[in-house]
Amino acid sequence: MRCVLSLVLLLLVAAAAARQLVPRKYEPLPLGAVTPKGWLLTQLQLQADGLSGHLALFWPDIMSSIWIGGVADADLHERTPYWLNGVVPLAFQLANARTAQQQQQPQQKQRAEKKHPHARSLDSVCQEGVDMPYGDILTTQVRDAAACRDLCNATDACLAFVVDDCDARHVQCWLKSESLPLVNQSCRCLGIMPPRPPRPVNLMAQVHEYLNYILAHQAPDGWLGPPDSADDGNKYWGRFDVVLSLIMYAEANATAYPQVTASLLKFFLGLRSRLAALPLEGWAASRGMDLALGIQWLLDHDPQGHEADLFALLDTVQRQTLNWELWFDTFTQGANNHGVNNAQALKSSAVWYRNTGNQSFADSSRRRMANMDRTYGFPHGAFCADELLCDNNQLKMPSRGTELCTVVEAMFSYTTLFSVHGDIAFADRAERIAFNALPATFSSPRGGDMWAHQYLQAVNEINAMSADDHVWTHDGPDAQLYGLEPNFGCCTANFNQGWPKLVNMLFYLTPDGGIAVGIFAPADARIGSATISVDTTYPFEDVIRVTLTTPVDRNLYLRIPSWAAKAKLTVNGSAVPVVNGTMQRIACRAGTTLAVLTLNPDVRLEHWYSGGTVSIHRGPLLFALPINGAFTTLHRYAFESADYQVLPTSTWAYAIDVTAPLTVSVTGLQAGAAPFNKTAPWPLTITASARSYPSWGISHNSAAAPPVGPVCARGGCGAVERLVLIPYGGTTLRIGELPLA
């Protein structure tokens, strides 16, 4: 009997040792291998110079996070993990791109700023008898009111200060990071700081500080982060993005790699015991595929002899995660209708396919995008989900919303689906969302910066105001304001992953030792002794130049988008036939190869809401009618952060005549402009014929459902006008789906 048991044990051990994950079709390069440039670098720098680089300096859920010993974000503990999931890749990508000249500029700017003292003189330090309750970032005792003012002046996030100087022996000082209502109060003196330009931040130092704290405070049983109740299976969720952040940190930081991989293994081994006693629940059960990605990474790169344990944990996580495969076939069973959960779960089938090799998961991957598009899809590539998937009577109504968290999670899901399965449609979709839905949800009076975002964006959005009567059904009145944390703060933390994780998914390794370009944007990458460079202003131009320098023969694969039926390719000057919707293989000899891809996109008309309405596309871009808007500042925070209302100042109710010429004008990006700037000149436009249709009115403070065209046959249309449509991502207010005239 002992011999039989020993044999069974040996067989089980051998089976575990032989088990392998299904390889990805295209393996993403590790963080640190890709260097952004051109407009993409500008976009990443705008992100770092905006909220991403400053949240740790004034927003309590990051600045005073429970993850670094504070008390903020004490419920789900998700906001610092969300933020790290974006700023870790952002910091290393910008470090790659930073030149010696760029490194000098911040130092010069800081020195110049320090020469300018606060504008107020000592005899007018503050206003007696006035208080501003709440919004504190620091409370301390000081010598006098002038010392409190000087402390505020030295604190970048300080907008105002309050002093209690009734007792000259104990002067209390409060520093404020936001502008709040004032009250009359004895023994209080209020000082308001004049506006100051933000100083450059050290994003890499923030990354090191937060992750080193998390690693240094790992519990003996492997648990990461704050201790949590032993009977709440929802609290696993906050750790998932910390795992993904630590993985990227290890990829880009060789010094940290041994500590991080050992820490991850310790966490995963402890998790096996925890999950046996307390399964995934709530958000954690909905989003288990993100935890599984982390386990798979350790299996791929450094299992440390614990393959059997890690596969057992992976199987447990798969069993305890909701059945999204059933959900995406029915939208009634297996999981739930929460929009962000759906966006994250789009990739579940790819993750489980790697674990099992079961073809049914690959088939599910291909069905779910079509099912989502058919039922809830929007022309910008994401779907109708203002908190929850939209109601049956308004499934694709273009005034209903899409949450920013849904946008960035869908981007990552589609790049993951492409990486695992290799289907062009998934990369096409990731690009469409990235170049349309992501930039459209940011705006400010300054244009295309990243200081203010919406919680919900709409394809047809005629205002961004606090609307007590609103068309969305599950979020509050402020959900479409542009600001710091309109409606809810999760997207303030989670938006950070959008652009940086797209950069991580531009280039891939292939099983034959080749290099693939899956998403097009200006960037360079180093793979061992080989280098690849993509030079383009795409999606604002149609030509993409790819240069591969390699010491050995290897294949280069270029994505030919599904919409690029007229694409042309030359390799070292010679024409090569291509087929749209494929990965084009180019056999490159040792040395340097130049491939020039000219996409030649046609204007496309798509019908998402109904056959009587239309959206207009060219290449990956959706074009929209911009609505002029007037900004009003509602609330001021530290640095350049504020909440804004935007009300329309131009006509928006038009019907479009698609039988008339649609004229494309490509002028290219303007030097110094934000890539998705909110003001003219636009890099490319489409001029269309349209007629005003005043009967298209307002419902619940939003544009009513677009009337089914052709509407002008029923009368009531104005004269023909030529309207300029611009890239959807460059709009603040817009109409992106118009009725047919």
Side-chain angles (χ1 to χ4, degrees), residues 21 23-24 26-34 67 78 80-93 95-96 203-204 206-208 210-216 218 222-225 236-271 284 287-304 306-307 309-311 313-314 317 344 347 350-351 354-355 408-409 411-413 415-416 419-420 493-494 496-498 500-509:
L21 294 171
R24 292 175 183 247
Y26 300 112
E27 182 67 33
L29 299 186
L31 178 63
V34 178
W67 283 90
E78 68 177 1
T80 288
Y82 269 150
W83 175 74
L84 287 169
N85 192 33
V87 297
V88 170
L90 178 62
F92 283 99
Q93 288 158 3
N96 276 5
L203 195 59
M204 187 68 78
Q206 295 177 17
V207 166
H208 290 317
Y210 279 70
L211 290 182
N212 287 337
Y213 186 98
I214 291 169
L215 289 168
Q218 186 171 22
W223 189 245
L224 289 167
Y236 293 114
W237 152 236
R239 279 79 195 164
F240 298 178
D241 279 341
V242 167
V243 166
L244 298 180
S245 302
L246 286 169
I247 285 170
M248 291 184 285
Y249 188 62
E251 288 180 341
N253 185 351
T255 303
Y257 187 94
Q259 181 186 11
V260 170
T261 52
S263 174
L264 289 174
L265 179 64
K266 186 177 181 181
F267 173 67
F268 289 147
L269 294 179
L271 204 57
R287 302 170 178 184
M289 70 293 300
D290 282 30
L291 174 60
L293 279 176
I295 301 167
Q296 290 179 347
W297 184 90
L298 200 63
L299 277 165
D300 282 333
H301 293 88
D302 196 4
Q304 302 161 65
H306 285 272
E307 288 85 348
D309 293 313
L310 292 172
F311 272 115
L313 175 60
L314 186 56
V317 171
Q344 289 183 247
K347 63 180 173 290
V351 177
R354 288 207 70 205
N355 187 36
V408 295
E409 294 290 0
M411 284 171 56
F412 182 56
S413 283
T415 53
T416 301
S419 172
V420 171
N494 197 16
N496 296 278
Q497 69 165 300
K501 291 183 75 168
L502 185 75
V503 174
N504 282 356
M505 294 289 210
L506 299 178
F507 302 100
Y508 302 82
L509 299 176

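Because the structure is a prediction, the values reported are computed rather than measured. As a basis for the values below, the full set of heavy atoms in this structure was taken, side chains included, without hydrogen atoms, waters or symmetry mates.
- Counting all heavy atoms, side chain and backbone alike, Pro89 lies closest to Asn504 at CB-ND2, 3.9 Å.
- Within the 4.5 Å cutoff, side-chain heavy atoms of Gln259 are placed close to those of Leu215.
- Counting only heavy atoms from C-beta outward, the side chains of Arg354 and Leu299 never approach each other to under 4.5 Å.
- A 4.5 Å side-chain heavy-atom check between Leu90 and Asn496 finds every atom pair outside the cut-off.
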Quick one, Ile214 with Ser263, criterion side chain to side chain contact (heavy atoms under 4.5 Å, CB included). Give me CA distance, side-chain angles, the key distance, then yes/no. CA-CA 10 Å; Ile214 291 169; Ser263 174; over 6 Å; no
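- When only modelled atom types and interatomic distance are considered, Glu78 and Asn494 share no side-chain donor-acceptor pair under 3.5 Å.
- Residue Leu246 holds its CG atom at 10.0 Å from CZ of Phe267, rounded to the nearest 0.5 Å.
- Put simply, CG on Asn85 and NZ on Lys501 are 3.5 Å apart, with the number rounded to the nearest 0.5 Å.
- Counting all heavy atoms, side chain and backbone alike, Trp67 lies closest to Gly238 at CZ2-O, 3.8 Å.
- Looking only at side-chain heavy atoms (C-beta outward), Asn355 and Gln296 come within less than 4.5 Å of each other.
- When side chains are defined from C-beta on, Leu21 counts as touching Leu314, because their heavy atoms get closer than 4.5 Å.
- Taking the six-membered ring where the residue is Trp, Tyr236 and Trp223 present perpendicular rings, their angle passing 60° and hence far from 30°.
- No donor-acceptor distance shorter than 3.5 angstrom exists from the side chain of Asn96 to the backbone of Gln93, with no hydrogens or angles considered.
- No side-chain heavy atom of Phe412 sits under 4.5 Å from any side-chain heavy atom of Gln344.
- For the atom pair OG1 of Thr261 and NZ of Lys266, the computed distance is 13.0 Å after rounding to the nearest 0.5 Å.
- Counted by atom type alone, Trp297 and Glu251 present one or more donor-acceptor pairs between their side chains at under 3.5 Å.
- Arg287 contributes atom CZ, which lies 9.5 Å from atom CE of Met289 (distance to the nearest 0.5 angstrom).
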Could you check Lys347 against Leu293 for side chain to side chain contact (heavy atoms under 4.5 Å, CB included), going step by step and ending with a plain yes or no? CA-CA 10 Å; Lys347 63 180 173 290; Leu293 279 176; 3.7 Å; yes
Take Leu264 and His301 through the test side chain to side chain contact (heavy atoms under 4.5 Å, CB included) and record every step on the way to the result. CA-CA 12 Å; Leu264 289 174; His301 293 88; over 6 Å; no
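- Residues Gly294 and Val243 come closest through the heavy atom pair CA-CG1, 3.8 Å.
- Going from atom CD1 of Ile247 over to atom CG of Asp241 covers 10.5 Å, rounded to the nearest 0.5 Å.
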After noting the C-alpha distance and the side-chain angles of Leu269 and Gln304, does the key distance pass the side chain to side chain contact (heavy atoms under 4.5 Å, CB included) rule? CA-CA 12 Å; Leu269 294 179; Gln304 302 161 65; over 6 Å; no
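- Taking CD from Gln497 and CG from Leu84, the interatomic distance works out to 12.0 Å, rounded to the nearest 0.5 Å.
- In this pair, Phe240 and Trp237 present their aromatic rings perpendicular. The plane angle is above 60°, beyond the 30 to 60° band.
- Here the side chain of Asn253 pairs no donor or acceptor atom with the backbone of Tyr249 at under 3.5 angstrom.
- Taking each heavy atom of Val408 and Gly498 in turn, the nearest pair found is CG1-CA, 3.7 Å.
- Annotation for Val351 and Ala292: closest pair CG1-CB, 3.6 Å, computed over non-hydrogen atoms.
- Pairing each heavy atom of Tyr508 with each of Ser419, the nearest pair is CE2-CB, 3.9 Å.
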